[in-house]
Amino acid sequence: MKLDKVTKAKSQRDEANTKRWYDDACGTALALEFIGERWALLVMRELMFGPRRFGEIRANLPGISANVLTQRLEGLEAADILRRRRLASPANVQVYELTAWGLEAGPLIRDLGGWAARSPRHNPMLFMSPASAMMSLQTLVDHARVMETHLTVAFRFPADQFIARTGAAGVTIARGETDDAAVTFTGDTMAMRHTIYGKAPLTRDGEGGTLAVAGDLSAARAFIGLFALPEKLQPTS
């Protein structure tokens with residue numbers, strides 16, 4: 001009886017994953033069938049900088065339940081947007097990662113975020129995951145200036161680390177640590193927003209809720225100067 005219930009539940013999930021929402025040949029319609037469910041794009045965002053465990057994804061998506069996250073992961077896997085694999089020993093844990101095709105959605109997610117950030121309803125002080133914070137750098141950079149600015153900057157968040165490099169390729173970001181950073185920023189994502197987008201004064205110890213800065217202060221200022229929130233749309237009436 002229990003096996004019958006499991007088989008039936010799996011069949012229902014498979015049917016849901018292949019059900020067509022729109023009778024429309026447009027690629028945009030098909031894209032919405034793949035990623036139009038609530039949380040789907042944000043799950044992809046969390047995987048843009050490398051594989052993550054189930055618990056790591058959930059911790060960075062406040063409000064999502066374990067059941068809904070499981071459904072979204074299954075749907076994205078069925079669409080070949082992500083895959084599951086088990087890390088080799090000694091980690092020996094299951095992780096989720098985007099496929100090569102899934103990673104191609106990165107610029108689309110960044111452009112969508114930049115577009116929406118112009119709305120007066122955008123609140124930059126709400127919760128922001130480390131992956132989201134790093135993606136915002138790629139979205140809100142001055143594309144002309146960044147090509148002439150060659151810097152390596154490290155970010156140390158409480159549970160994640162990233163390396164950001166600027167130059168002709170724009171802002172490239174990878175998860176991890178490096179020994180060649182001109183500047184290391186330490187703190188949480190709220191401090192990151194106060195420092196980079198709020199242009200709060202730099203301090204070595206992160207006074208006033210800003211990032212703590214280690215390294216070349218002039219390089220830190222040059223890096224921060226590359227980013228700005230977009231101007232808000234003006235009311236039409």
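Keep in mind it's a predicted model, so treat the numbers as computed, not measured.
Residue A29 comes nearest to Y22 through the heavy atom pair O-CD1, 3.6 Å, listed as atom of the first residue, atom of the second, then distance. Of all non-hydrogen atoms in A131 and R45, the two that sit nearest each other are CB-O, 4.0 Å.
Formation of a donor-acceptor pair under 3.5 Å by the K232 side chain with backbone atoms of A117 is found in this model. Side chain of T152 to backbone of D180: no donor-acceptor contact under 3.5 angstrom is found. Between the E74 side chain and the Q71 main chain, no donor and acceptor come within less than 3.5 Å of each other. One N or O on the side chain of T99 and one on the backbone of G102 form a donor-acceptor pair closer than 3.5 Å. Remark: side-chain polar atoms of R193 are paired, donor with acceptor, to backbone N or O of T189 under 3.5 angstrom. Remark: side-chain polar atoms of T178 are not paired, donor with acceptor, to backbone N or O of A181 under 3.5 angstrom. In this structure, R145 contributes its side chain and G225 its backbone to a donor-acceptor pair below 3.5 Å. Judged by distance alone, the side chain of S132 and the main-chain N or O of M128 form no donor-acceptor pair under 3.5 Å.
For the residue pair S218 / D216, a side-chain donor-acceptor distance below 3.5 Å is found, with atom types taken as modelled. A donor atom on one side chain and an acceptor atom on the other are found under 3.5 Å apart for R110 and Q138.
Under the ring-ring contact (aromatic ring centres under 6.0 Å, His included) criterion, F162 pairs with F49, sequence neighbours left out.
In this structure, the side chains of V171 and R165 stay at 4.5 Å or more apart for every pair of heavy atoms. Between I35 and L76 there is a side-chain heavy-atom pair separated by less than 4.5 Å. Residues D160 and R52 are in side-chain contact: their nearest non-hydrogen atoms beyond the backbone lie under 4.5 Å apart. With contacts defined as side-chain heavy-atom distances shorter than 4.5 Å, the pair N92/L87 does not qualify. Proximity of T149 to F223: side-chain heavy atoms (C-beta onward) are nowhere separated by under 4.5 Å.
Note on ring orientation: taking the six-membered ring where Trp is involved, the planes of W101 and F34 are perpendicular (angle over 60°, cut-offs 30° and 60°).
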H194 vs K199, side-chain hydrogen bond (donor to acceptor under 3.5 Å, both in side chains): CA-CA, chis, key distance, verdict: CA-CA 6 Å; H194 284 306; K199 311 303 180 187; over 6 Å; no
